[in-house]
2 protein chains.
Amino acid sequence: MAAPASCPLCATEGGVPIWRGPRLRVIRAQEEGFPAFYRVVWNAHAAEFSDLDAADRQHCMDAVVVVERVLRERLAPAKINLAALGNMVPHLHWHVIARFDWDSHFPGAVWAPAQRPRNGEREAEVAARLPAIDTALVQALDAWQQHPATE
Amino acid sequence: MAAPASCPLCATEGGVPIWRGPRLRVIRAQEEGFPAFYRVVWNAHAAEFSDLDAADRQHCMDAVVVVERVLRERLAPAKINLAALGNMVPHLHWHVIARFDWDSHFPGAVWAPAQRPRNGEREAEVAARLPAIDTALVQALDAWQQHPATE
């Protein structure tokens, strides 16, 4: 599918670039209140997950799982949230979000109204670990790219 | 993983049962304002997508894609939303939601605050098509189960 001139995920990385492969990239989002929020962005313009063929879908979800596993190992979050919405930016991107029982929206979705004030101290603890997590993501994604079987 | 006694997706179908396979089931959710809202529920208790092995993950996402394609073909929605959150019920289930530019929350997430009043007439038009969609889902899921390649 041709890239619409107005698509921000065709025109820009969409966040802090962490890793780039031929078919997809991983960026770190910068969403207030949710420091451990990454996105797996399909490089080519595609609106829906089912626009990808079977091999590409598997490749995409394998990358999502690599990111999910690093977040679980490094942060032991209460839950991982995965979502491909694309209502605002219909260019396939998977949100991979580490959620904590102390975060402002838990157990609601990050898109729902806040349930409590933000915990700056806890957020800072997570943020302090992001450089090491970014490094771990690069290592895990490189290893996966070289040996794609993830199980 | 053993089923916690309190898990509602271990104890109940979780919605209107549409289709059941050995590893997963498809139910229709009954969420106010979003008539074309289905869920792919993993039958065994698993909290995170990455708790599944590679074959099970592929099986799960293939089912999600079968549902997504039927919704696209039957309803031509503005967007399909996919999400595995599980903050409230940490038993793996994928939301597969047909979104419309007239729905009360678009382009926000269904978990976000409403952006406009509900459109009862349009909702009823979608609801009237659900029996045919349910039938199409059963046919598509049966066909997939017999010939799992979806591409």
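All chains are named by letter (A, B, ...) in the order of the sequence lines, taking the proteins before the strands, and each is independently numbered beginning at 1.
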Walk me through whether A:D62 and B:R57 qualify under side chain to side chain contact (heavy atoms under 4.5 Å, CB included). CA-CA 9 Å; A:D62 281 353; B:R57 292 197 306 271; 3.7 Å; yes
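- Between chain A and the options B:E48, B:R72, B:E68, heavy-atom pairs under 4.5 Å are most frequent for B:E48.
- Grouping the Ile, Leu, Val, Met, Phe, Trp and Tyr side chains by contacts below 4.5 angstrom, directly or via other members, places B:M61 with B:W19.
- The cluster map of Ile, Leu, Val, Met, Phe, Trp and Tyr, joined by side-chain heavy atoms under 4.5 Å apart, puts B:V70 and A:L52 in the same cluster.
- A:V67 and A:L75 fall within a single hydrophobic cluster, where Ile, Leu, Val, Met, Phe, Trp and Tyr side chains are chained together by heavy-atom contacts under 4.5 Å.
- Interatomic distance, B:L85 CG to A:I80 CD1, rounded to the nearest 0.5 Å: 11.5 Å.
- Grouping the Ile, Leu, Val, Met, Phe, Trp and Tyr side chains by contacts below 4.5 angstrom, directly or via other members, places A:F49 with B:L137.
- Applying the side-chain hydrogen bond (donor to acceptor under 3.5 Å, both in side chains) rule to B:R74 yields no partners; only residues at least two apart in sequence or on another chain are considered.
- Of the possible polar contacts, one joining the A:K79 side chain to the B:A47 backbone as a donor-acceptor pair under 3.5 Å is found.
- Contacts of residues 89-117 of chain B with chain A at a heavy-atom distance below 4.5 Å involve B:P90, B:W94, B:R99, B:F106, B:P107, B:G108, B:A109, B:W111, B:A112, B:P113, listed in sequence order.
- For A:Q58, the part lying under 4.5 angstrom from a heavy atom of chain B is the side chain only.
- Transitive grouping of hydrophobic side chains (ILVMFWY, heavy atoms separated by less than 4.5 Å) keeps A:V138 and A:I27 in distinct clusters.
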